[in-house]
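One structure is given below, encoded as structure tokens.
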Amino acid sequence: MTDLLEQAVARIRSLPSDQQDELAGILLRLADAEPEPVALSPGERLAISASKAAAARGDFATEDEVRAVWASFGL
């Protein structure tokens, strides 16, 4: 068991039994759930195709371009 899961279980143990059961049910459903494929829009498919073509050409952003994008988000 990971440390994060151990922390979650420890926190859940401190809750009332009805809340513990509710959270346990959620975890079990999540653990058993099969991920559903994501349906892409035509625009998303086009953007992915364009990105793959650019990568195949070796057309990548420069370090300065990447820094500029990060800076635009205040990072």
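For reference, positions follow the sequence shown, starting with 1.
Cluster partners of Val66 are Val69, Trp70, Phe73, Leu75, counting Ile, Leu, Val, Met, Phe, Trp and Tyr whose side-chain heavy atoms approach within less than 4.5 Å, directly or via other members. In this structure, Val38 shares a hydrophobic cluster with Leu40, Ile48, the cluster being traced through Ile, Leu, Val, Met, Phe, Trp and Tyr side chains under 4.5 angstrom apart.
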Return all side-chain donor-acceptor pairs below 3.5 angstrom for residues 6-15, not counting sequence neighbours, or 'none' if the list is empty.
| residue | atom | partner | partner atom | Å |
| --- | --- | --- | --- | --- |
| Arg11 | NH1 | Ser14 | OG | 2.9 |
| Ser14 | OG | Arg11 | O | 2.6 |

Distance-only check: which donor-acceptor pairs under 3.5 Å involve side-chain atoms of residues 51-60, not counting sequence neighbours?
| residue | atom | partner | partner atom | Å |
| --- | --- | --- | --- | --- |
| Ser51 | OG | Ala47 | O | 3.0 |
| Arg57 | NH1 | Ala53 | O | 3.4 |

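For Glu44, the side-chain hydrogen bond (donor to acceptor under 3.5 Å, both in side chains) partners two or more places apart in sequence, or in a different chain, are Ser41. The side-chain hydrogen bond (donor to acceptor under 3.5 Å, both in side chains) check on Asp32 picks up nothing, with sequence neighbours excluded.
Here the straight-line distance linking atom CD of Glu22 with atom CD of Gln20 works out to 11.5 Å at 0.5 Å rounding.
No single ILVMFWY cluster, assembled from side-chain heavy atoms under 4.5 Å apart, contains both Leu23 and Leu28.
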